[in-house]
Amino acid sequence: MQTFRFIGGLLHAEGVAMTDVAQRFGTPVFVYSRCAVEQQWRAYDTALTARQHLICYAVKANSNIAILNLLARLGSGFDIVSAGELERVLKAGGQADKTVFSGVGKSSAEIRQALTVGIKCFNVESISELHRLNAIAGEMSLKAPVSLRVNPDVDANTHPYIATGLRENKFGIACQDAVNAYQIAADMAHIKLCGIDCHIGSQITSLGPYADAMAEITALLERLQARGITLEHVDIGGGLGIRYDAEQPPAIADFGQLISEHIPGQYQVLLEPGRSIVGHAGVLLTRLEYLKTNQDKNFAIVDAAMNDLMRPCLYRAWQKILPIQETDGQQQLWDIVGPVCESADFLGLQRRLALTEGDLLAVFSAGAYGFVMSSNYNSRPRAAEVLVDGEAMFVVREREDISDLLRGERLLPC
């Protein structure tokens, strides 16, 4: 089902017109589709239905607790990278024992919190982290469940900022060092080895890098078995990329088939998709404030900015932008820019559109790495978030105001 579509020339999310969202909640505003989120999660769940598995949604992609609650109701697990994300999962009704904790810099306080609530496992990224986990678990008279994140040195053919499986990346333990690392962990009194983890990056649009990574992992599993080290699960890491422009990601069903072909059946498979579950499930609505033309450029100045949607300026990422009302007006090339005082403040460059001041525009595929990466730069309150369910719409995060920005700040006493 296409959840964002034009009906009678007007963009709708499921059964709700975008004009109604903007009139009720203002702009800029992130709008999410419940149907789209649930549909994508079920696609991953179905793709691995023939074997024991756990889909652990990557909370960093979109951490709104309403989104997390929808997924928890489906039985989802979660992949977290901070104590804050753990608190969000628990508040949303997620289960600690379906939650894996990734990230290279877990603090002692975060480790204690995760051990206290009983998470499924820590994806450990260094020998130093192993020693810290062992010591803290010992102090708490517990055993820390551990999966070592192995770096297979595989090129995911993605943006360098979101590639995580190359030897120059900060993530994981090198494949050639992994057997020794597992032996160190196996000899620790307060470590329980549960699995192996591999994450090569985000926005991956072909199966080749995954096949290469899984070949490395299965070879490593054989070497570990020869050492008498047995594991329960294999964590493949993130899911597939999505189509922003001309990308052609493979079908989720084909990804599931590839996993089943490479990972032996005795292992539970964990998968950590984020972008491909929520990316297409959201748009950013923004209002066109001014049209400005000089000798070289046409600028469409909107009320959303780089502080609302960081991807275009950070990654030079392309996201489709359209007026929410179809028109046959004269098209020109426009740079879609915001009010922030940076030349990097743009949502899209050189877009051929027919525009009029006051138009509402939709930035598509904004459900992932949209609001979660937003900031208060230029003292701009962050946008509201709205969830559409059929013909109903619900605010799932109130728009900030200036008082929210000033809360916690203090004048000097003299």
Side-chain angles (χ1 to χ4, degrees), residues 40-58 71 74-79 95-102 119-124 143-154 156 164-165 172-173 175 178-179 181-183 185-186 191-201 204 206-240 249-274 276-277:
Q40 285 299 102
W41 187 90
R42 288 193 176 104
Y44 277 107
D45 194 44
T46 301
L48 292 171
T49 193
R51 61 180 304 154
Q52 187 185 12
H53 69 277
L54 180 63
I55 308 300
C56 294
Y57 168 72
L71 296 171
L74 295 174
S76 184
F78 297 92
D79 168 50
Q95 295 178 228
D97 62 2
K98 288 185 176 181
T99 299
V100 297
F101 198 157
S102 304
I119 65 166
K120 181 176 178 64
C121 79
F122 295 88
N123 287 337
V124 170
K143 281 202 168 189
V146 160
S147 171
L148 296 190
R149 178 171 177 174
V150 175
N151 186 330
D153 195 26
V154 167
T164 59
I173 296 168
C175 247
V179 171
Y182 269 97
Q183 190 61 63
I191 296 293
K192 177 188 177 184
L193 283 172
C194 299
I196 188 168
D197 173 47
C198 174
H199 193 297
I200 59 174
I204 299 171
S206 67
L207 294 179
Y210 276 116
D212 293 343
M214 284 187 277
E216 293 284 346
I217 293 303
T218 52
L220 179 55
L221 286 170
E222 291 175 0
R223 296 199 296 274
L224 292 174
Q225 286 178 331
R227 288 279 195 102
I229 297 173
T230 59
L231 304 173
E232 300 167 1
H233 74 252
V234 175
D235 188 337
I236 306 303
L240 297 170
I252 292 174
D254 293 339
F255 186 31
Q257 180 64 33
L258 181 76
I259 292 170
S260 292
E261 289 172 357
H262 278 78
I263 305 302
Q266 69 265 33
Y267 298 103
Q268 181 190 31
V269 169
L270 272 60
L271 197 59
E272 301 167 359
S276 51
I277 289 179

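Every heavy atom of this structure was used, including side-chain atoms; hydrogens, water molecules and symmetry mates were not.
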Intermediate values then yes/no, side chain to side chain contact (heavy atoms under 4.5 Å, CB included), L74 and R42: CA-CA 8 Å; L74 295 174; R42 288 193 176 104; 3.3 Å; yes

CA sep, side-chain torsions, deciding dist, call: D197, V124, side chain to side chain contact (heavy atoms under 4.5 Å, CB included): CA-CA 9 Å; D197 173 47; V124 170; over 6 Å; no

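Taken to the nearest 0.5 Å, the CD atom of E261 stands 12.5 Å off from the OG1 atom of T218. To the nearest 0.5 Å, the span separating CZ on F255 from OG on S206 amounts to 10.5 Å. Taken from CD1 in I173 to SG in C198, the straight-line distance is 12.5 Å, to the nearest 0.5 Å. Remark: C121 SG to L148 CG distance equals 10.0 Å, nearest 0.5 Å. Remark: Y44 OH to C56 SG distance equals 13.0 Å, nearest 0.5 Å. How far CD of Q257 is from CG of L48: 10.0 Å, rounded to the nearest 0.5 Å.
Relative orientation of the F78 and Y57 rings is perpendicular, given thresholds of 30° and 60° on the angle between their planes.
Looking at heavy atoms from C-beta onward, Y267 lies out of side-chain contact with I196 at the 4.5 angstrom threshold. Here the side chains of I263 and R51 are in contact, with some heavy-atom distance below 4.5 Å. Between H262 and I217, every side-chain heavy-atom pair lies at or beyond the 4.5 Å cut-off.
Checked against side-chain contact (heavy atoms from CB on, under 4.5 Å), Q268 has the following partners two or more places apart in sequence or in another chain: Q52, L54, K120, H233, L270.
The two residues I55 and P273 make their nearest non-hydrogen contact at CG2-CG, 3.8 Å. Taking each heavy atom of L258 and A211 in turn, the nearest pair found is CD2-N, 4.0 Å. Counting all heavy atoms, side chain and backbone alike, I200 lies closest to Y210 at CD1-N, 4.1 Å. Shortest non-hydrogen contact noted between N123 and S102 is ND2-OG, 3.0 Å. Nearest approach of L220 to A178, heavy atoms of both residues: CD2-CB, 3.6 Å. Of all non-hydrogen atoms in I259 and M214, the two that sit nearest each other are CA-SD, 3.9 Å.
Here the side chain of E272 pairs no donor or acceptor atom with the backbone of A58 at under 3.5 angstrom. Using modelled atom types, one side-chain atom of T99 and one backbone atom of Q95 make a donor-acceptor pair closer than 3.5 Å.
D235 and H199 form no side-chain donor-acceptor contact under 3.5 Å, judged by distance and modelled atom types alone.
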